[in-house]
Amino acid sequence: MQEFLEESLTEQESLLLHPFITNSDRAVFGLRNLPEVVKGALFSRYSRSDKSLRRILLDEFIKAPEASFARIVSGGSDNGADQLVAIQQAEAFYDRVLIGYGDDSVAELGGAHLACEGISNIAAKALEDSRLGISPLEKSTRYVPFNRKINGRYRYYREPSIMTSSHAQRYEATLDHLFDTYTHLIEPLWSWVQKYTPQDTTTSERAYNNATKAKTLDLLRGLLPMATLTNVGLFGNGRAFEYLLVKLAASPHPEVRTLGASMQQELDQIIPSFVKRAKTERGAQYSRYLSTNWGRTQLLAQKHLGQIQPAASSTVQLVEYDPDAELKIVAAILYPHTNLTFGQIQEYVVGLSTQERVEIINTYVGDRESRFHRPGRAFEETYYTFDMLADIGAYRDLHRHRVLTQERQHYCVHHGYVVPTELEEANLDQTYRKALEYAAEITELISQDLPDAAQYVVPFAYRVRWRIKLNLREVYHLVELRSSRQGHPSYRTVAQQIYQQINAVHPTLVANMHFVDLNDYALERLAAEQRIDTKLQQLHQS
């Protein structure tokens, strides 16, 4: 993995940080000796800032008098000796439990915060593929522009196999052109957005500038390639980290495998008892199993399907649902309130009228006053399978939903790209298109020799195909969250179509989905920024 540090620290800064980070000179590092409240606040700032995590910790916590950092961290002790002894005793205890009981779930009792900086979006998605036990937070393409250079170079991953091949010069020229185009379009597009959506008298300068800048960056994120370097903060338990390390070791991408080794090195300093099996022969054997089976299955897929051309399809296609979903959900609603078997209840529900079933469902859902009032587990009784085709930018956001099954195909340029209508209206779309089409040409050229590595060139505007399988309870969460006004238009469209297609087959089951937003908005972030203004005023008044 390339070491791509944002900045160097002074000796004094390194000394200040030493008790709280596992290293001060590497791109992957962990947090230690910090209360949960500090770590949570630190990571929440991380996704909305262009600073490194070390710099945020220094400037906004350690050096900020109002943060009371020293008092919070000291915990009333004159020095850290008591805390160090406690940590050592805890590690010894967990070692004894793991050896004595061999219970994997014990590893969920120890957790760690880890920062992975300067990694590509290929690597970021590999981290975020973990669904349970790991909570990721990634640097936002909406709030942070990605055009800053370090030492005169744009921040993207120089993939080693490409950089040592005959494609090296084309690779850098292509990605530089994407970033140049992104940079050159920011100011004219921002001016157009402000002209198209003028500020009204009820909106503050802060809210208006933030909303229009976010809109501009949203419209241009399609130019960013998968090689774009980002920061990902992770919090997870030991068991989840251990499994993640094994999966990273099985990746076809050298960057991802190296990232896993770097993470192991840092986690060994924070929760060594919980991740040690990942580096044993047992862990290595599992990694080989995963990679070998993946390769063999890939060959079989090509043998059986390689000659078939992809069919044209819509963005969202409902490919499977349960025609008996309503009966099963009503039975599941009634089940915990009786001592009957599930089979008995199902037989009874078959005889109910439509009106009686609707009454049971509506009573169970109750009076939902916000999208946070989610239906109970009875709604997990039925599942829906969708085939999705949307731009990579939309996939990146929807990929973060973890309570569902999803699998992705290769990032490629075969499905075409998406151009926001605003770019066409601003007469900036031709420059945008030319950069994307040039990137596609080079992607195809590199993929002839290095098919896995070529994925680093693919810009976010290109479509990717993936499938999801989710239950109705998760549908409520995903659709109401991702259709909300402040969401990016590309994934709002996906959420809206999921709702519309389920509504076409199961209208009774989504009748209580009151917080689906089917409208379109010029400035998606404006209402959210105005709410922030209100909160800031309330804080000032108090």
Side-chain angles (χ1 to χ4, degrees), residues 1-5 23 26-29 114-130 134 136 138 150 153-172 174-175 224-232 234 241-268 275 278-281 283-299 392 396 408-412 439 442-459 464:
M1 187 182 70
Q2 294 168 336
E3 295 286 347
F4 209 104
L5 296 181
N23 75 73
R26 295 194 291 273
V28 177
F29 58 97
L114 203 63
C116 299
E117 301 191 346
I119 64 173
S120 76
N121 271 259
I122 295 282
K125 295 311 111 185
L127 294 179
E128 293 167 358
D129 269 335
S130 293
I134 301 282
E138 184 180 346
I150 292 182
R153 302 204 304 175
Y154 285 118
R155 293 179 291 177
Y156 59 80
Y157 186 70
R158 271 81 180 172
E159 206 283 331
S161 65
I162 296 178
M163 297 307 294
T164 56
S165 74
S166 60
H167 301 294
Q169 187 174 353
R170 293 189 192 93
Y171 180 77
E172 289 197 292
T174 303
L175 298 195
L224 299 175
M226 292 301 294
T228 302
L229 296 182
T230 187
N231 300 331
V232 178
L234 299 170
F241 269 125
E242 188 174 69
Y243 181 46
L244 174 59
L245 294 175
V246 170
K247 290 195 296 181
L248 297 180
S251 172
H253 299 290
E255 178 201 11
V256 175
R257 296 195 299 270
T258 304
L259 172 62
S262 297
M263 292 171 63
Q264 177 86 61
Q265 183 179 358
E266 305 309 321
L267 289 168
D268 281 345
V275 295
K279 59 183 179 181
T280 63
E281 178 53 31
Q285 188 180 48
Y286 191 18
S287 294
R288 290 193 296 270
Y289 165 80
L290 292 174
S291 60
T292 300
N293 279 9
W294 176 267
R296 289 172 177 170
T297 306
Q298 187 175 43
L299 290 175
I392 294 172
R396 290 173 68 256
R408 172 190 66 246
Q409 297 178 354
H410 261 45
Y411 304 111
C412 68
I442 301 305
T443 300
E444 293 286 73
L445 187 64
I446 295 175
S447 66
Q448 295 175 15
D449 300 320
L450 302 164
D452 287 324
Q455 295 178 87
Y456 282 91
V457 187
V458 181
V464 63

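If you read the sequence from its start, that first residue is 1, and numbering goes on from there.
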> Does some side-chain heavy atom of Ile392 sit less than 4.5 Å from a side-chain heavy atom of Met226?
Replying inline: yes
> Thr230: what forms a side-chain hydrogen bond (donor to acceptor under 3.5 Å, both in side chains) with it, not counting sequence neighbours?
Replying inline: none
>> With a 4.5 Å cut-off on side-chain heavy atoms, are Asp452 and His410 touching?
In response: yes
> Under a 4.5 Å cut-off applied to non-hydrogen side-chain atoms, are Ile442 and Tyr171 in contact?
Replying inline: no
> Nearest heavy-atom pair of Leu175 and Ala227: which atoms, and what distance?
Replying inline: CD1-CB, 3.7 Å
> With Glu128, which residues qualify under salt bridge (charged side-chain N to carboxylate O under 4.0 Å, His left out), at least two apart?
Replying inline: Lys125
> Residues in salt bridge (charged side-chain N to carboxylate O under 4.0 Å, His left out) with Glu444, at least two apart?
Replying inline: none
> Between Leu248 and Ala126, which heavy-atom pair has the shortest distance, and what is it?
Replying inline: CD2-CB, 4.0 Å
>> Taking side-chain hydrogen bond (donor to acceptor under 3.5 Å, both in side chains) as the definition, give me every residue that meets it alongside Ser161, ordered by chain and number, with sequence neighbours left out.
In response: Glu159
> How long is the span from the OG atom in Ser166 to the CG atom in Leu445, to the nearest 0.5 Å?
Replying inline: 8.0 Å
>> List the residues meeting side-chain hydrogen bond (donor to acceptor under 3.5 Å, both in side chains) with Arg288, not counting sequence neighbours, and say none if there are none.
In response: Glu281
>> Let me confirm one number: the CG-CD distance from Leu244 to Gln264, rounded to the nearest 0.5 Å.
In response: 10.5 Å
> Can you list the residues that meet the salt bridge (charged side-chain N to carboxylate O under 4.0 Å, His left out) rule with Asp268, with sequence neighbours excluded?
Replying inline: Lys279
> Run the side chain to side chain contact (heavy atoms under 4.5 Å, CB included) check on Leu234 and Met263 step by step: do they pass?
Replying inline: CA-CA 11 Å; Leu234 299 170; Met263 292 171 63; 3.9 Å; yes
> Taking C-beta and beyond as the side chain, do Leu127 and Ile119 meet within less than 4.5 Å on heavy atoms?
Replying inline: yes
>> Run the side-chain hydrogen bond (donor to acceptor under 3.5 Å, both in side chains) test against Asp449 and tell me which residues pass, sequence neighbours left out.
In response: His167
> Listed by chain and number, what are the side-chain contact (heavy atoms from CB on, under 4.5 Å) partners of Thr297, not counting sequence neighbours?
Replying inline: none
>> Going by ring pair (Phe, Tyr, Trp, His ring centres under 6.0 Å), name the residues that satisfy it together with Tyr456, two or more places apart in sequence or in a different chain.
In response: Tyr157, His253
>> Any heavy-atom pair between the side chains of Pro225 and Val457 that's under 4.5 Å?
In response: no
> Glu266 and Asn23: side chain to side chain donor-acceptor pair (under 3.5 Å), yes or no, with the steps?
Replying inline: CA-CA 8 Å; Glu266 305 309 321; Asn23 75 73; 3.2 Å; yes
> Is there a side-chain contact between Phe241 and Ile134, using heavy atoms and a 4.5 Å cut-off?
Replying inline: yes
> Ala261: what forms a side-chain contact (heavy atoms from CB on, under 4.5 Å) with it, not counting sequence neighbours?
Replying inline: none
> Side chains of Ile122 and Gln455: closer than 4.5 Å at any heavy-atom pair?
Replying inline: yes
> Is there a donor-acceptor contact under 3.5 Å from the side chain of Arg257 to the main chain of Ser251?
Replying inline: yes
> For the residue pair Leu245 and Gly260, what are the closest heavy atoms and their distance?
Replying inline: CD2-O, 3.4 Å
> Quick one: side-chain contact (heavy atoms from CB on, under 4.5 Å) partners of Tyr286, sequence neighbours excluded?
Replying inline: Tyr243, Val246, Tyr289, Leu290
> Which heavy atom of Leu229 sits nearest a heavy atom of Gly118, and at what distance?
Replying inline: CD2-O, 3.4 Å
> Considering all heavy atoms of both residues, which atom of Ser287 and which atom of Ala249 are nearest to each other, and what is their separation?
Replying inline: OG-CB, 3.4 Å
> Taking side chain as C-beta onward, heavy atoms only, is Arg155 less than 4.5 Å from Thr228?
Replying inline: no
> Is a side-chain donor-acceptor pair under 3.5 Å present for Tyr411 with Arg408?
Replying inline: yes
> Atom CG of Leu114 and atom CZ of Phe29: how far apart are they, to the nearest 0.5 Å?
Replying inline: 8.5 Å
>> Please give me the minimum heavy-atom distance between Pro252 and Pro254, naming the atom from each residue.
In response: O-CD, 3.5 Å
> So Cys116 and Asn231, side chain to side chain contact (heavy atoms under 4.5 Å, CB included) or not? Walk me through it.
Replying inline: CA-CA 6 Å; Cys116 299; Asn231 300 331; over 6 Å; no
